[in-house]
Structure formats: C-alpha cells, structure tokens
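Heads up, the thing below is written out as structure tokens.
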Amino acid sequence: MRWICCQVGARENYAIPRALLRRDMLGCLVADAWIPPSSLLAKIWGRGSKLGERFHNELRDAQVAAFNSSLILFEVLARARRLEEWEAIIARNHWFQRKVVSLFRSQLSAIDPQPILVSYSYAALEPFRYAQSRGWKTVLVQIDPGPEEERIVTEETARVPELAGKWQPAPAEYWALWRAECELADRIIVNSEWSREGLIRSGVPNGKLAVIPLAYDSPEVGRQMSDVSFPRSYPERFTHERPLRVLFLGQVNLRKGVARLLEAAKILRDAPVEFWIVGPVQIANVETLAKNARVKWLGPVPRTQAAENYTAADVFILPTLSDGFAITQLEAQAYGLPIISSRFCGRVVDSGRNGIVLEEPNGASIANAISDCLANPSRLQQFAVASRLPEKFTINALAKRLQELGSAL
C-alpha cells in the first residue's frame, strides 16, 4: 500500500516521507509549505529562514502538495488578530486539517484507493475522520509524551516561577482533540520508551503503540568529523584560557532542563568551563539566574552555524525533563561529540562509553558530570571516539521499520 504523509513544518527534516520514498511506498507528501530553492519564495526568504527550509532535495521528484499562499495569508491574519500562543497553535492546526481534507476530496480519483495515512499529533483529527470514512488505515506519529509531559513542565514552573515567563498549559480543548486522534489511529508511533510510558500513563492502550526512534542522516561535515581519521582533540587539562566548551542547542525553556543547567553553571562559575546556549530563549530573567557564570547566549542560528557549534564544542549537554526523543543527540553524534543527557528522552547515550546519562537532571548532578569531564579530558577523548551514529538511527533503518509496520496493519 502507498502511504500519504501529512506534516506541518520540516519536522525531523522530512525523515518519514524520505524513508517511505526509499522503499517506493510514498504516495504523496502533504505539507503546509514547500519552497524549492529555485522558487520566488525561496529567493524572498532565503534558505536560512524557517520557510526557506521547507524543502528537501531527496524529495524533489516526489509528489508533494502544499498550501504556500494559504499559509502566508493565515499567518498574516493570525498576527493581525493578535492571537495568543495557544490560540494560534490550535487555529493553525485546524487550518492545516481543513486544507488536507479539502485536498483529499478534490484529488480522490488520483489517490490509491486504500492508502495508509500517517500524520503527526495535534493536526491529524480531521484527516483521520476522512480516512476512516473511506476505509483507509491511519498511523499517528506522536511527537511527545502528551499530557504527562505537560504535568512535568507544570511542576517545574511551580519550582522556578521566576523563569516561567508567559508559559501556559494547553487548554482542555487541545487535549480533547488529541484523545480523539488517538482513538481513531490504528497505530501510534512513539519515538522512545519514555514517550511510550508517558502515553500509557495518560490512558493510551499499549497495544496501539509502536516504538520507532527518530532517524538522522549525517551532513557531509558530520561524516568527516565522525570518521576515525578526524578524531577530536582535547587538551591535557582545561584552563580559563582554554575552557571546557559545553554546548546546549535547542529551545531554551524549562522543559529542556535549562533552569537546571543554569543552576549547574552557577555552581561551576569559578571552574574553567564555558556554556554555549544556542536556540530561541523562552524563559524569563535568565541573566539573573546565570549571574557571574560563564554563559554565552548565542540565540537561534541557521543549520550551517549550528554545524559550526557542534564542531567547535567539547561536549553536548541535554538535561531535558521530557522529550519525545531529542534529535539533537543524533546531530551531536554525527559530529563525533560526547553527550551528557538525561534519561527522559530517546536512549542514544550508552553511559560510560560515548557519554554520561543523568539519572536525575538537577543542578548538582549536571555540575558533577561536567566536573568529571573537566578532571578527565582523556575520558572525553574516549567518549568522542565512541560517539558514532549507529545504523539503527538512520533513514534506511526507519524505512525498514515503517515497511514492517505497514505490513502488520
């Protein structure tokens, strides 16, 4: 059977449609936007912008349907109406679902009569309802541990309210729609055991769940850095002139454990360690908490600059309180970078071999792990040698798992 893949944004760099295409299983990709490099929109926004990245060369000859003009109009109107964050998220999800169903109705004669429809969580309900009416199979890709993750963030917000900023839990409507998606899905893909456990605690039947980890293809520079002939080099000891460079890359928010990371930075403020924080800042009063610590706020960066950060850092830190997987771990491995990670995400780190797993990501445990790296540069060297992207996290491995899942439906 052919698969129809629906997704908002360039999530996981279009890994699922790329995997399906490699097995000749992709019928169509339905995206909110699709901006080929030769298009006028690409020239207007440039490849460094979010819209400019809504394309993948591997899918250049695939059948892709997108709603560029409608998306631009939606975003302009949403801004004019001054929608709050959750209002905008829910409205955008509704907009996308309406466009998808309208497309299906108008193009029904060109669609495989019994496809598998795969769609990402929180924007799948209306397409699933349509699919069910036609007798199609449905697969939901769950991007996070659902309500369980929100509970964790709510607790962290209560612990450090001065950092919470404008964070608000999702409205009841959001979770009601999600539960309806789960009920309609024939199978639900989760990317980690952590996500599976979270969904089960939220009442999702275990029998519906399939654990399929995220996939990542190394960029050319990553393959070079991961090659044994290009080992990382570490000094015999770290000094204030050559500090240990600890990289955090991702959304700078409470869920990602940033408050715990800044607490560790304060503990280590007199040590030869430098923290690089890369990504959009979504917390308040960060300067106050990180006062006197050696923290560099680098903000959001395009993919090319992110590659430079991975290459120049000494160790990657992910003290997340909850992640569906955290693909940044795979990106770090592609660059041969040792990882310090919490256990509340996809299991990439083999503790003691290619990095360190934090059983509890609090300020003290993070500081202790970094102190171990400071005291043992040779251990970091060993971690770097072992930090390679395993086959099980490649696009080809994902394609095989999707094919097996489709055969079982």
Side-chain angles (χ1 to χ4, degrees), residues 4-17 29-33 50 54 66-67 70-71 74-75 78 83-104 116-132 138-154 167-192 194-196 198-205 208-210 212 214 250-251 253 255-256 282 322-327 345-346:
I4 299 172
C5 182
C6 300
Q7 70 176 82
V8 176
R11 182 167 292 279
E12 286 101 50
N13 210 14
Y14 300 103
I16 286 181
L29 165 62
V30 184
D32 60 338
K50 285 187 177 181
R54 302 294 177 84
F67 316 110
S70 181
L71 174 62
F74 169 84
E75 295 297 344
L83 297 181
E84 298 292 336
E85 182 180 15
W86 281 112
E87 289 178 321
I89 290 171
I90 292 173
R92 188 178 296 107
N93 289 344
H94 281 318
W95 163 81
F96 180 69
Q97 292 174 77
R98 288 194 301 269
K99 298 299 291 187
V100 169
V101 172
S102 177
L103 176 73
F104 288 166
I116 297 173
L117 176 62
V118 57
S119 188
Y120 284 83
S121 51
Y122 312 117
L125 181 56
E126 292 306 321
F128 278 7
R129 283 174 173 163
Y130 181 86
Q132 189 180 61
T138 54
V139 176
L140 181 69
V141 184
Q142 179 64 33
I143 64 175
D144 55 32
E148 184 67 10
E149 181 170 278
E150 183 175 79
R151 180 192 64 78
I152 291 168
V153 177
T154 301
W167 183 85
Q168 293 290 329
E173 174 192 3
Y174 186 79
W175 295 119
L177 294 171
W178 170 74
R179 291 189 182 279
E181 288 179 345
C182 293
E183 290 175 6
L184 287 176
D186 290 305
R187 295 299 296 273
I188 301 173
I189 293 174
V190 292
N191 301 130
S192 64
W194 170 248
S195 280
R196 186 185 70 84
L199 263 62
I200 290 173
R201 285 194 290 270
S202 296
V204 177
K208 274 194 174 187
L209 301 175
I212 300 180
L214 293 188
Q251 295 178 335
N253 58 31
R255 176 177 64 83
K256 289 285 189 178
Q282 300 169 349
S322 181
D323 253 291
F325 186 88
I327 198 169
C345 56

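Quick caveat, the model's predicted, so the values are computed rather than measured.
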Does the side chain of I188 come within less than 4.5 Å of C182's, by heavy atoms?
-> yes

With a cut-off of 6.0 Å (strictly less than), are more than 12 heavy atoms of other residues, nucleotides or ligands near CD of E75?
-> yes

Find the distance between CZ (R11) and CD1 (I143) and round it off to the nearest 0.5 Å.
-> 4.0 Å

Kindly list each side-chain donor-acceptor pair under 3.5 angstrom involving residues 168-178, sequence neighbours excluded, with atom names and distances?
residue	atom	partner	partner atom	Å
W175	NE1	E150	OE1	3.1
W178	NE1	Q142	OE1	2.8

Is the side chain of R255 donor-acceptor paired with the backbone N or O of S322 at a distance under 3.5 Å, no angle test?
-> yes

Nearest heavy-atom neighbours spanning F104 and P127 = CE1-CB, 4.4 Å

Show your working on salt bridge (charged side-chain N to carboxylate O under 4.0 Å, His left out) between R54 and D32 and close with a plain yes or no.
-> CA-CA 9 Å; R54 302 294 177 84; D32 60 338; 2.8 Å; yes

Ring pair (Phe, Tyr, Trp, His ring centres under 6.0 Å) with F128: which residues, sequence neighbours excluded?
-> none

Any side-chain heavy-atom pair of L140 and I189 under 4.5 Å | no

F67 side chain reached by V30 side chain, heavy atoms, under 4.5 Å = yes

NZ/NE/NH1/NH2 to OD/OE distance under 4.0 Å, D323 and K256 = yes

Between K208 and A185, is there a donor-acceptor pair closer than 3.5 Å when you use the side chain of the first and the backbone of the second?
-> yes

Would you please name every residue forming a ring pair (Phe, Tyr, Trp, His ring centres under 6.0 Å) with W95, sequence neighbours left out?
-> F74

Separation between CG (L125) and CG (L184), nearest 0.5 Å, reads 6.0 Å

Taking the side chain as C-beta and beyond, is there a heavy-atom pair between L29 and Q7 under 4.5 Å?
-> yes

What residues form a ring pair (Phe, Tyr, Trp, His ring centres under 6.0 Å) with F325, not counting sequence neighbours?
-> F393

Results of salt bridge (charged side-chain N to carboxylate O under 4.0 Å, His left out) for R151 - residues two or more places apart only = E148, E155

In this structure, CZ of R98 is separated from OG of S70 (nearest 0.5 Å) by 8.5 Å

For N93, does its backbone N or O pair with a side-chain atom of Q97 as donor and acceptor, under 3.5 Å?
-> yes

Sorted by first residue and then second, give each side-chain hydrogen bond (donor to acceptor under 3.5 Å, both in side chains) pair with at least one member in residues 180-189; sequence neighbours left out.
-> T138-D186

Might you point out which heavy atoms bring S192 and G324 nearest each other, and give the distance in Å?
-> OG-O, 2.7 Å

Where the side chain of D144 meets the backbone of G146, is there a donor-acceptor pair that is under 3.5 Å apart?
-> yes

I would like to know whether E12 and Y120 meet side-chain hydrogen bond (donor to acceptor under 3.5 Å, both in side chains); could you show each step before the answer?
-> CA-CA 11 Å; E12 286 101 50; Y120 284 83; 3.1 Å; yes

From CA spacing to verdict: side chain to side chain contact (heavy atoms under 4.5 Å, CB included), V153, W167 | CA-CA 9 Å; V153 177; W167 183 85; 3.5 Å; yes

Should I116 and I4 count as side-chain neighbours, where that means a heavy-atom distance under 4.5 Å?
-> no

Would you check if E149 and S202 make a side-chain contact, meaning some heavy-atom pair closer than 4.5 Å?
-> no

Check: V190 main-chain N/O paired with S195 side-chain donor or acceptor under 3.5 Å | no

For residues V141 and S119, determine if any side-chain heavy atom of one lies less than 4.5 Å from a side-chain heavy atom of the other.
-> no

